[in-house]
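Lettering of chains follows the sequences in order, A, B, ..., and the numbering in each one begins at 1. Note: hydrogens, waters and symmetry copies are ignored here, and every other heavy atom, side chains too, is used.
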Amino acid sequence: MTGGDGAPLETAAGTAESLSPREARQILEEALAMSAAEHTEVLLESRNASLTRFANNQIHQNVAARDHELVLRAIVGRRAGQASTNRLDSTALRQVADRALALARLSPEDPELPEPGAPAEAPSLDAFDPATAASAPEERAAAVAPLCGDSAARGLDASGAYEVRAVSLAYANSLGRFAHHSGTYAHFTCTVRTESSSGWVDRHRRDLRELDIERLGRIGIEKAERSRDPQGIEPGRYTVVLEPSAVAELVGFLVYLGLGAQAEQEGRSFLSGRMGQRITGERTVLADDPFHPGAMGTPFDHEGTPRRRVVLIENGIARAVVHDRRTARKAGVESTGHASPPPATEGPLPYSLVLGGGDSSVEEMIASTNRGILVTRFWYCRVVDPKQTLITGMTRDGTFLIEGGHVSRGLRNLRFNESVLDVLTRADAYGRVAEPTVFDFGHYAVVTPALRVPEFRFTGVSPF
Amino acid sequence: MDDLLDRALNAAQLAGASYADVRVVEARSQIIEVKNRKVATLQEPSSAGVGIRVLIDGAWGFAASADLELEEVERCARLACRVARASARVRREPIRLSRLEPYRARWETPLARDPFSVSLADKIALLVEATGVMEREPKVRVAQGGLHFWEERKRFASTEGARIEQRIVHSGAGISAWAAGETDLQVRSYPNSFGGQYESAGYELVERLDLAGHAAETAATAAALLEAPLCPAGTTTVILDGSQVSLQVHESCGHPAELDRALGHEANFAGTSFLTPDQLGTLRYGSQVVNLVADATSARGLGTFGFDDEGVPAQKVDLVREGRFVGYLTSRETAPLVGLESNGTMRAEAWSHIPLIRMTNINLEPGAWKLEDLIADTDEGIYMETNRSWSIDDRRYNFQFGTEVGREIKRGKRGRLLRNCTYTGITPEFWNRCDGVCDASDWEIWGTPTWGKGQPSQVMRTAQGAAAARFRDVQVGVGYGT
């Protein structure tokens, strides 16, 4: 394990874990020593990742990979250059330092370039689970075998993935700032298919022991069997009960549509010019909280700045955007610790979004709905109008009609066009259980409850 | 390097592999992005490593490492075998690979001008100039431009005796202008969205595009869109420009023609396909004018290579011929399951990932129309240009796309500019309403660098060749409304 300062152990899979603080500091200090720039920043991410994938009730892909990325940023006056490598030997560190410096010297002056941050203590975040880091392929195979067997016996097809990662992130700069963090991540997802329908379940945790794969598999099977022979329904406005994954698909779009300061400063954000104004219903509380247990956060950002919890929407009022050092300098505030990983073209972003919950269960939301639609998940959502937060997408893997307070039958998949802010304005019931969903290859998490939303706008239907 | 490849294959065989292949990849890239005349990104990433894929007891295992020391490569081979044995505990049918002649060959992307040899100062100056021109338009809040270059050196070897070396170079360039109003945000890109145009080519692509020469018009259109009327809602004739047709091809033909999707291998993530094997050779996918090929030999395409990542040579195959669905993109594992042989479409994002079936260059073959004649032949409709939004269901039936720009067509002439254009449909119905494809003078092989698939997710650069095409009775203006 790497929670302490010791040498890494060999995991059961035979791969070394992510780098310990001592190893990381040694590599970063060597890289800093190689650099002849005025200021230097070095970021090192080390990752061991394994994934067991199954389809048609058998394991069809099964992988393990070990990689690093060292990004070195050289600053000369108001000029910066950046180069990266995945080799950590002295020759490679020298090459990357020289190349970054050469790029900095060729780069035009940037008057808004911030200097690296002074030493700062990042809060600790207990995010590393040794058992998860030590996950072996035999254990993952044993975990998915009962689901595959059960599905085959019922004449169903189970597909999915069981994924584990151990990651370490370290930052150092020539002003003496150093930060290190280790974390683990476990993810199980499965889709069970009948000849006419499908059911899906998806869970993300730090500790793989919190993934009850047998129980999760039963949810997938139950949803698939319950939605057999789905019927079409006319497009139109319906009350929807959105399970947490469906809510996360919608709310997650706000990350890129303008909760970061760069988009707000450029006038591209849905929040531009609306700070302090009401933008959703008053029950909406949306924060970036890297310390929330489900939010898969890190205690510092990619500039080594300690992260802060930032309330973005408070009781429906637009309150804040998140900052890195560049946008903070421009706004005359302090960085909130939200610098993005290189190349950071979108600027600072909230990576641990948490939507506040309420006091309802999904069952209660269904029971209080006379006619509506239960949505397991949305799929292939894309932006139609960024300022209006208008999104289109499809339902997938478990869409049901609610009649008289009960789920009555499966529905064919529907296309929607909806504004995320309007959804948060109209939501009239918030779930009490929040689930994390991890997006974008693990870069950010959205923790959301279920929601009930009247008048949700469906515009089309699929033939299945 | 031969020693490393041999040691990897030998270690895999000693550990019980009945088949193994090894890929050693060295990759580097250069990313330059300029925003409002200031350099926003200047980065040169590089990566090297080895990926080893093995078959044991008819099941796959894969392991990869950034460390190219011989001992680590051997450890990696043994780990791949251990992973394969774990896979074999949960399998129904043993994997059989389609027959393949083991090639010993070298291949390189043909380049007129190596992009890594061009001075950085020249590249930055070009983007500063182009964004400076766009910034002169007062309503443009963000003027941005980018250049991307990738180089990949791959060595592939297999226990069947293959030894293949390839150097693949891709280049990309483009500009975009963002105009912001109180409640609206409009973007205009040149020559395409997704950051521009990308090709298997060198710096000659950048020179040909003349970004600065197109900057003023790009900015003016972005500003004009703020004042343009909203795309009307209803059913009408739509003519899509070549770049939007290429996206339509990618999403509604390329993906569903991937055999792994059709066989359920992507059911949990990317999805399945309405092009099921029982429909091969019979389904009327589109009208008679619709001819689609997968061609890994196309000049300048991002899906152009000598050999795929299983060592299968690049090929050109029919997917849709005169409207009928006749072919799949296949791999050595999937092809035998439907009685075929691999047509060479397996690519991995990097050494650290397994190869998957990926689109090569999916080309809609040119038709007979000149674009101006096609517009003149259209009494009423909308001409839509350049993708802005794209969404499609997990079997690739129900789609909704949006474009940056729309132009009314009235009595055969282009009319008013329209903003926020969207259209929707069901794939086979839509392609069966295609009654005109433009000819080679309008045809371009459009490359896009960001397509995702697989778990762990892999990003791939693919291309789709297309010319403008006309579709009848299309539902438009669906994004808004009551």
* Asked: In terms of heavy-atom proximity below 4.5 Å to chain A, should Glu72(B) be classed as side chain, backbone, both, or neither?
  -> side chain
* Asked: Passes side-chain hydrogen bond (donor to acceptor under 3.5 Å, both in side chains), Asn268(B) versus Ser159(A)? Steps please.
  -> CA-CA 6 Å; Asn268(B) 175 248; Ser159(A) 308; over 6 Å; no
* **Thr183(B), part contacting chain A, at a heavy-atom distance under 4.5 Å** => both
* **When Ala152(A), Ser198(A), Pro343(A) are compared by non-hydrogen pairs under 4.5 Å with chain B, the top option** => Pro343(A)
* Hey, does the side chain of Arg91(B) reach the backbone of Ile59(A) with a donor-acceptor pair shorter than 3.5 angstrom? -> no
* **Contact class of Arg105(A) relative to chain B, heavy atoms under 4.5 angstrom** => neither
* Structure fact -> Okay, Arg89(B) and chain A: the region with an atom under 4.5 Å from a heavy atom over there is side chain
* To do: Among the options Glu266(B), Arg388(B), Gln475(B), Arg78(B), pick out the one with the most heavy-atom pairs lying under 4.5 Å from chain A.
  => Glu266(B)
* To do: Check each atom of Ala63(B) against the heavy atoms of chain A and say whether the ones under 4.5 Å are side chain, backbone, both or neither.
  => both
* Asked: Hey, what do you get for CG (Leu185(B)) to OG (Ser269(A)), rounding to the nearest 0.5 Å?
  -> 9.5 Å
* Has the side chain of Asn56(A) got a donor or acceptor atom that lies under 3.5 Å from a matching backbone atom of Leu263(B)? -> yes
* So which of Asn36(B), Asp184(B), Ile32(B) has the biggest tally of heavy-atom pairs under 4.5 Å with chain A? -> Asp184(B)
* Structure fact -> Counting heavy-atom pairs under 4.5 Å with chain A, the top scorer among Gly402(B), Gly264(B), Gly181(B) is Gly264(B)
* Asked: Only one of Asn398(B), Asp393(B), Thr272(B) clears side-chain contact (heavy atoms from CB on, under 4.5 Å) with Phe464(A); which?
  -> Asp393(B)
* Engaged part of Val461(A) at the chain B interface, taking heavy atoms whose separation is under 4.5 Å -> backbone
* To do: Using non-hydrogen atoms and a 4.5 Å limit, figure out which bit of Ser47(B) sits close to chain A: side chain, backbone, both or neither.
  => both
* **Glu429(B) versus chain A, the contacting section by heavy-atom distance below 4.5 Å** => neither
* Got a sec, which residues hit salt bridge (charged side-chain N to carboxylate O under 4.0 Å, His left out) with Arg261(B), two or more places apart in sequence or on another chain? -> none
* **Side chain / backbone / both / neither for Pro386(A) at chain B, heavy atoms under 4.5 Å** => side chain
* Arg396(B), part contacting chain A, at a heavy-atom distance under 4.5 Å -> side chain
* Side chain, backbone, both or neither: which part of Val63(A) has an atom under 4.5 Å from a heavy atom of chain B? -> both
* Tell me, for Gln265(A) versus chain B, whether the close heavy atoms (under 4.5 Å) come from the side chain, the backbone, both or neither. => backbone
* chain B contact via Asp110(A) - side chain, backbone, both or neither, heavy atoms under 4.5 Å -> side chain
* **Choice from Asp397(A), Asn413(A), Val96(A), Leu390(A) maximising heavy atom contacts with chain B below 4.5 Å** => Leu390(A)
* **Gln455(B)/Thr189(A) under side chain to side chain contact (heavy atoms under 4.5 Å, CB included): CA gap, chis, key distance, verdict** => CA-CA 11 Å; Gln455(B) 294 163 306; Thr189(A) 176; 3.8 Å; yes
* Over all atoms of both residues, closest heavy-atom pair of Arg457(A) and Gly479(B) -> NH1-O, 3.0 Å
* Let me know if Ala92(A) has heavy atoms under 4.5 Å from chain B in its side chain, its backbone, both or neither. => neither
* To do: Below 4.5 Å from any heavy atom of chain B, which atoms of Leu103(A) appear? Answer side chain, backbone, both or neither.
  => both
* Distance-only, no hydrogens or angles: does the Ser391(B) side chain make a donor-acceptor pair with backbone N or O of Tyr380(A) under 3.5 Å? -> yes
* To do: Starting at CD1 of Ile392(B), measure out to OG1 of Thr392(A) and round the result to the nearest 0.5 Å.
  => 11.5 Å
* Asked: So Gln144(B) and Glu266(A), side chain to side chain contact (heavy atoms under 4.5 Å, CB included) or not? Walk me through it.
  -> CA-CA 12 Å; Gln144(B) 60 190 51; Glu266(A) 290 174 349; 5.7 Å; no
* Most contacts with chain B, counted as non-hydrogen pairs under 4.5 angstrom, among Ser107(A), Ser462(A), Ala83(A), Ala55(A) -> Ser462(A)
* Most contacts with chain B, counted as non-hydrogen pairs under 4.5 angstrom, among Val144(A), Thr345(A), Leu51(A), Asn86(A) -> Asn86(A)
* Gln400(B) side chain reached by Val384(A) side chain, heavy atoms, under 4.5 Å -> yes
* Is a side-chain N or O of His265(B) found less than 3.5 angstrom from the main chain of His60(A), in a donor-acceptor match? -> no
* Structure fact -> Hits for salt bridge (charged side-chain N to carboxylate O under 4.0 Å, His left out) against Asp385(A), two or more places apart or cross-chain, chain-then-number order -> none
* Heavy-atom closest pair, residues Ala267(B) and Arg193(A) -> CB-NE, 3.6 Å
* **Ser46(B) (side chain) donor-acceptor with Ser84(A) (main chain) under 3.5 angstrom** => yes
* **Salt-bridge contact Glu138(A)-Arg82(B) (side-chain N to carboxylate O under 4.0 Å)** => yes
* What option among Thr422(B), Leu42(B), Ile124(B), Asp394(B) has the most heavy-atom pairs under 4.5 Å with chain A? -> Asp394(B)
* Structure fact -> Okay, Ala179(B) and chain A: the region with an atom under 4.5 Å from a heavy atom over there is neither
* Asked: What closest approach, in Å, do Ala86(B) and Ala141(A) show between heavy atoms, and which atom pair accounts for it?
  -> O-CB, 3.4 Å
* Asked: Of the backbone (N, CA, C, O) and the side chain (C-beta and beyond), which part of Val83(B) lies under 4.5 Å from a heavy atom of chain A, both, or neither?
  -> both
* **Any side-chain heavy-atom pair of Leu356(B) and Gln61(A) under 4.5 Å** => yes
* Structure fact -> Output for pair (Ser389(B) OG, Arg382(A) CZ), nearest 0.5 Å, gives 8.0 Å
* To do: Just give me the residue among Lys38(B), Arg37(B), Glu93(B) that pairs up with chain A most often, heavy atom to heavy atom, under 4.5 Å.
  => Glu93(B)
* Structure fact -> Scored by heavy-atom pairs under 4.5 Å with chain A, the best of Phe401(B), Trp60(B), Phe399(B) is Phe399(B)
* Structure fact -> One should read off an interatomic distance between Tyr480(B) OH and Asn417(A) CG, to the nearest 0.5 angstrom, of 9.5 Å
* Asked: Taking every heavy-atom pair that is under 4.5 Å apart, which of Gln388(A), His68(A), Arg87(A), Arg326(A) has the most such pairs with chain B?
  -> Gln388(A)
* Could you look at Trp178(B) and say if it's the side chain, the backbone, both or neither that has a heavy atom under 4.5 Å from chain A? => side chain
* Asked: To the nearest 0.5 Å, how far apart are CZ in Arg140(A) and OG in Ser87(B)?
  -> 9.5 Å
* Asked: CD/Gln43(B) to CZ/Arg99(A) distance, rounded to the nearest 0.5 angstrom?
  -> 12.5 Å
